[in-house]
Amino acid sequence: MLSAFDEGDSRGIRVASEPEHWRGTEPVRVLAPDGTAAGDTDVGLGPDELRAMLRYMLLARRLDRECIALQRQGELTIYPGFEGQEAAQIGSAMALGADDFVFPTFRELAAALVRGVDAVQYLAYHRGTWHGGPYDPMATRFAPICIPVATQIAHGVGYAMGLALDETRACSLAYFGDGSASEGDFHEAANLAGVFKAPVILFCQNNGWAISVPTASQTAGEIWKRAGGYGFPGVRVDGNDVLAVYRATREAADRAYAGEGPTLIEAMTYRIGAHSTADDAGRYRDDDEVERARSFDPIARYRTWLTAEGHVDDELLREWHAEIEDQVLAIREGVIAQPAPPVEWMFDWVYADAPPAIAEQRREVLGV
Amino acid sequence: MLSAFDEGDSRGIRVASEPEHWRGTEPVRVLAPDGTAAGDTDVGLGPDELRAMLRYMLLARRLDRECIALQRQGELTIYPGFEGQEAAQIGSAMALGADDFVFPTFRELAAALVRGVDAVQYLAYHRGTWHGGPYDPMATRFAPICIPVATQIAHGVGYAMGLALDETRACSLAYFGDGSASEGDFHEAANLAGVFKAPVILFCQNNGWAISVPTASQTAGEIWKRAGGYGFPGVRVDGNDVLAVYRATREAADRAYAGEGPTLIEAMTYRIGAHSTADDAGRYRDDDEVERARSFDPIARYRTWLTAEGHVDDELLREWHAEIEDQVLAIREGVIAQPAPPVEWMFDWVYADAPPAIAEQRREVLGV
Amino acid sequence: MSEITPEITMVAALNAALRDALRDDARVLVFGQDVGRSGGVFRVTDGLQAEFGARRVFDTPISEAGIVGAAVGLAFAGWRSVVEMQFDAFSYPALEQIIDHVAKMRGRTRGRVDMPITIRMPAFGGIKGKEHHGESPETYYVHTAGLKVVSPSTPADAYRLLRLAISDPDPVIVLEPKARYWAKGEAELTTDGAGIGEAAVVRDGDAATVFTYGAMVARCLDAAATLADEALSIRVVDLRSLSPLDTELIARCVRETGRAVVVHEAPKTLGLGAEVTARIVEEAFDFLEAPVLRVTGYDVPYPPAALEHHYLPSVQRIAAAVRQVAAY
Amino acid sequence: MSEITPEITMVAALNAALRDALRDDARVLVFGQDVGRSGGVFRVTDGLQAEFGARRVFDTPISEAGIVGAAVGLAFAGWRSVVEMQFDAFSYPALEQIIDHVAKMRGRTRGRVDMPITIRMPAFGGIKGKEHHGESPETYYVHTAGLKVVSPSTPADAYRLLRLAISDPDPVIVLEPKARYWAKGEAELTTDGAGIGEAAVVRDGDAATVFTYGAMVARCLDAAATLADEALSIRVVDLRSLSPLDTELIARCVRETGRAVVVHEAPKTLGLGAEVTARIVEEAFDFLEAPVLRVTGYDVPYPPAALEHHYLPSVQRIAAAVRQVAAY
Ligand SMILES: Cc1ncc(C[n+]2csc(CCOP(=O)(O)OP(=O)(O)O)c2C)c(N)n1
Ligand SMILES: Cc1ncc(C[n+]2csc(CCOP(=O)(O)OP(=O)(O)O)c2C)c(N)n1
Ligand SMILES: [Mg+2]
Ligand SMILES: [Mg+2]
């Protein structure tokens, strides 16, 4: 009997060079890992949008690395990087309309950038100056950062139920990870979505790891397949192929707008970095696995294709590079300049009107 | 968009005469509803065992009705009847070995009888004289009655993990209902079972209703199909066909014994009575739906086949009838004779050793 | 007009509150297990689906965490959810959603997103119910910052508090004393009157104050009547709002009566009585002439029906405690 | 022998307790998220999988309710589970399993089935952690009859209490003060000594007693040192066992010092301080010369890192409360 109890698990046997958790059902692809077309590359985006997508990916990666530096320099508390997941996040976020609403986890800074969330405000969370949504979640339709894994999925479903009740032509999208999908909250939310035909996209970034636990020890099945049990479609897509992610999300959104209900998307990607700056992935993961995964880099793949298609060239990339450096520097400065909030903020929004005990405690702290 | 929000739901459109929630994937059958063979009827049971199965079904139905009478007479608190589900419970319980362990809900009196649980002790629960397992759960390998729906599934999985660790050739079986399968606990337990290849049978009695909510409003999918997402087999079986239930459970047990892991069985049955004696099903369910379901009665079907096969005849049935009347009368008397427990029992097993506060409260109550 | 005031049950009052809320505010939704077609296991939502349709009043799968989580999402979409947890203990699967999100979301968004969620549940014991159907979960909720918790003891309070809960921009847990569901009271229903946060003196007296709530209010009034025969004049306070607590009224009563007993069904350890005692000590220590006694459920799981009456505070136990503090 | 006692961290002590328990009892299992290969996010389970194999020490999916539910089933099969909840708030999804089953199963089976389950979790704040990583969940557990709850403040107590928890036939929640994980203390580890249910006087004094636990013990000792400079002699009691509480020692200290302050990180309302106060009032009212004051977290959600130091009881706040009761 080979089960998770057995030490010599399948992590030892690596033959193919793709990340192990990609095995099984072949994910849907538009671009091959080498950047050549693997399907119909017309996903309905014009050259500007195609370019914008790459620019976001480059910005996201650069900013992610800056955040890790900021953390090392003591300017952020723990920071969860997303290197390797740029296509999954940006491809999906780009596919949404302004009226759609995103319910993220704690790792979707790249998606937040696409939604127009102010990066400095977003990073206040990781600086430890505010919990939840330092940015205005209603303005960008990007819900507060959510840490208790899978709990945000029900929020996405509830929001979508609200859209359906209002007969608004919009949808919500809830991000979650491969590990999060083991929570009961995933199941309850997915089943509710099916029953109410909620216009929601359940978007799983399967990056192969939940902290130190590989997907193979997280579930014996394939996550996209669960959709069938809830009575709605599921699709497994190459999460490092931004065009495939875009198309799958677009199709799911169109289904949602048309009143056809939810879609589960499992985007196969890879977490290049550690779980967070507090984590040492060397304790549980071989470096060569990471090296192999790097050869499936989503940015290189897309840039190769865009270049071959003539949408970008070296000059444009150099221009972007300079712009992005400036952008990131401004964010860095903004983060560093961000002060601790006034102490009374701890009390100010717990209730719409502070009950006597809180009002008194507030006075005590302020010494008034 | 047709969703659960729409009032004119599919409950209004009934064409076939079988219960609505049986539609979709055809359940596996050994006997047709009219009691003729619909497949290979050799499920590996000899004539004595085949007869015993019918006798249990007759006893169970008679006792179930007696319990409802006892409740009306004030001798039981609320009682949840199981009429119509005798085949599902007895077919599955008969398929287990003495070393296997059952984790029931609150509706498995029929299965308890097969496991040898003393009916009077079992009914102490419904008499309100003790919570949980008034019977010894270790002696009969039948866990305490469980009310918080779906929570017992994880217990079954944990027990099975324990069996695997001990390398014991046995399995566990957790019962749950169609409604319970919407709980996160179902999902977490099923996923754990898959990951640890636990020797467990997840046995869903889909009786079409969760109190007043029909299966169609409970999930948009088919419950047996969820197994695929967890990486183990699922099967939909005619839950009113005791031979089919027996065979499916036996096969699942054999898989478990062989170290092949879990199986999800969805047994399609029908709750003939109300949810419990406290429930008035007339508020949400048409009587003619119940009448139609009665024509799929599991006992009539099996008796017809057993009679046709020459395993039982009218004389034997008359004999059993008399015996069962005596048996049920004895249980009835046992139940009625059961006194309230001594008040100190409230304190006696909260901890192995009562901490001072409880010891003091115990003394206070006893006035010592 | 007739001299005889018509009386209604708490179930009818709660039903009226939901009906009026649904009628007055098109953003109000009512959902949960069996609340739609069947009208709820206690009939609290009876007739609402028929009147307002299945888009406003609907049944859900058995998914407490999902139900509450959906209410959070619905709040982002501007809906005001009134969800039912079928029984006290069946709110436990939703605790993570309640503690992490329902209670905290306003703060997390710096007040940009309201959480006008009402979580109703039949609570407490006293009906010889099954296991997990007689729990007193208030401690879990009262300790959780960001929630309000109320428990009415009369039909009129039930109507008012439920309506106030629904219109409150913040989440409110409504613990409905199921043992009093069918008890009748004044039929005049209005939202005017005491708000969330205000306790009430339901019987005046000066020898001691008994603080209580829920189904124990009636029992404490019975005890007070018994004690009146012994010439002990007891004040009874219905706390009604368990969070925020009406510390001011609590302290004033202790200053005036010098002695206090707290009565509730929940187990003693860290039951609400502990907090009431602590506040009395903080706010009225110099007026306290006897220890505050707690008459509560024991520190054991809620017992089976046959032992329930031994577990719940009885008139005898309440009266004995009052005599003890009075004689101190 | 050297005069210098070697010192170890609480993490090392907890790790040793798990190792020794795994070695001494073949029925002990250790499982949870990331406890296996990686050795836990705080390294408490470091090296255990390598030593005892993946059948005794294993990683699980992210399913807190499932993990705890599996531990219940494993108990039926005669296994003794030590499960880790990765952080305080991540135990909330398991509350239903804990309240309904872990706490009640012994009683439900009339003592026929033990629930020797240990649920460990890094608890409380003070490390500038992320949201949901600094919660003080003790009220939820202490109020739940059928559970024991301990919280060590030193490596030696951590070792002993964890081992006692594991060998206890009843379920024990172990709240490990994560802010003290890396603080060092005496390296001699033994199961001899105070059992679950026993508090300890960690500093003697006679002007007032400060009751506390977890990471606040060190802070209260700092406050006591400060106050000693003002010639105020303060007794500090480390409660250690939050359920059952050592009521006897609590009452004795109040009888001897006449004044009391309770300090904890959890929000004030229905924090453990309420229960300690209520017990003091019940057991030592006549000796109480001042109100019992509570120095606690505020009645708000645990704040972000930048505000944490305003939220947690500080030496100043503790000292001020002590001065206040002493001067009363
Ligand atoms: C309810 C809950 N349990 C545990 C954790 C601790 N935790 C934080 S992230 C994480 C792993 C999540 O893995 P996955 O869902 O795959 O997302 P990823 O980190 O890979 O983005 C865990 C266990 C948590 N945040 N919430
Ligand atoms: C966690 C939880 N929520 C709600 C309930 C109330 N309840 C008791 S039985 C039931 C319906 C269960 O339906 P199903 O699982 O189909 O089983 P059946 O009653 O049909 O046997 C509900 C909602 C419960 N027992 N536990
Ligand atoms: Mg992951
Ligand atoms: Mg059912």
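Since the model is a prediction, treat every value here as computed from it, not as a measurement. Lettering of chains follows the sequences in order, A, B, ..., and the numbering in each one begins at 1.
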Side chain / backbone / both / neither for [X] at chain A, heavy atoms under 4.5 Å:
X	result
C:T109	both
C:M105	side chain
C:E96	side chain
C:K104	neither
C:A65	both
C:L29	side chain

Taking every heavy-atom pair that is under 4.5 Å apart, which of [options] has the most such pairs with chain A?
options	value
C:R27, C:R279, C:E64	C:R27
C:A103, C:A71, C:A77	C:A77
C:P93, C:G69, C:S243	C:G69
C:G197, C:P244, C:G146	C:G146

[atom1]-[atom2] distance between [X] and [Y], expressed to the nearest 0.5 angstrom:
X	Y	atom1	atom2	answer
A:T151	C:I99	OG1	CD1	12.5 Å
A:L165	C:R55	CG	CZ	5.5 Å
A:I147	C:D100	CD1	CG	10.0 Å

- Item | Part of residues 164-172 of chain C lying next to chain A, heavy-atom separation under 4.5 Å |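 Those residues of residues 164-172 of chain C which have a heavy atom under 4.5 Å from chain A are C:P169, C:D170.
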
Given 3.5 Å as the limit, does a donor-acceptor pair link the side chain of [X] with the main chain of [Y], or not?
X	Y	result
C:R108	A:W130	no
A:Y159	C:F76	no
A:Y351	C:L147	yes

- Listed by residue number, which members of residues 166-176 of chain A have a heavy atom under 4.5 Å from any heavy atom of chain C?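 If one takes a 4.5 Å heavy-atom cut-off, the residues of residues 166-176 of chain A near chain C are A:D166, A:E167.
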
- Query: Which members of residues 335-346 of chain A, sorted by number, sit under 4.5 angstrom from chain C on a heavy-atom basis?
  - Reply: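 A:W345 fall under the 4.5 Å cut-off.
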
- Sort out for me which of A:A357, A:P355, A:P144 touches chain C most, counting heavy-atom pairs under 4.5 Å.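 Highest number of pairs under 4.5 Å: A:P144.
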
- Message: So which residue, A:Y135, A:F347, A:W349, ends up with the most heavy-atom pairs under 4.5 Å with chain C?
- Response: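 Maximum pair count with chain C is reached by A:W349.
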
[X], part contacting chain C, at a heavy-atom distance under 4.5 Å:
X	result
A:V350	both
A:F101	side chain
A:I145	backbone
A:D185	side chain

- May I ask you to check whether over 12 heavy atoms, not counting those of A:D353, lie within 6.0 Å of atom CG?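 Result for CG/A:D353: open.
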
- Message: I'd like to know if the side chain of C:Q97 pairs up with that of A:H155 as donor and acceptor (distance under 3.5 Å, no hydrogens or angles considered).
- Response: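 Result is yes, a qualifying pair exists.
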
Which heavy atom in [X] sits nearest to a heavy atom in [Y], and how many Å separate them?
X	Y	value
A:P137	C:V113	CG-CG2, 4.0 Å
A:L192	C:P61	CD2-CD, 3.4 Å
A:E188	C:G66	OE1-N, 2.7 Å
C:A70	A:M161	CB-SD, 4.2 Å

- Task: Would you check if A:P356 and C:T247 make a side-chain contact, meaning some heavy-atom pair closer than 4.5 Å?
- Result: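 No, every pair of side-chain atoms sits at 4.5 Å or beyond.
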
- Message: Taking salt bridge (charged side-chain N to carboxylate O under 4.0 Å, His left out) as the cut-off, I'd like each qualifying pair that reaches into residues 104-133 of chain A, sequence neighbours left out, listed once.
- Response: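 The answer is A:E75-A:R127.
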
- Task: Begin from the C-alpha positions of A:H187 and C:S63 and carry the test side chain to side chain contact (heavy atoms under 4.5 Å, CB included) through to its verdict.
- Result: CA-CA 9 Å; A:H187 170 72; C:S63 310; over 6 Å; no

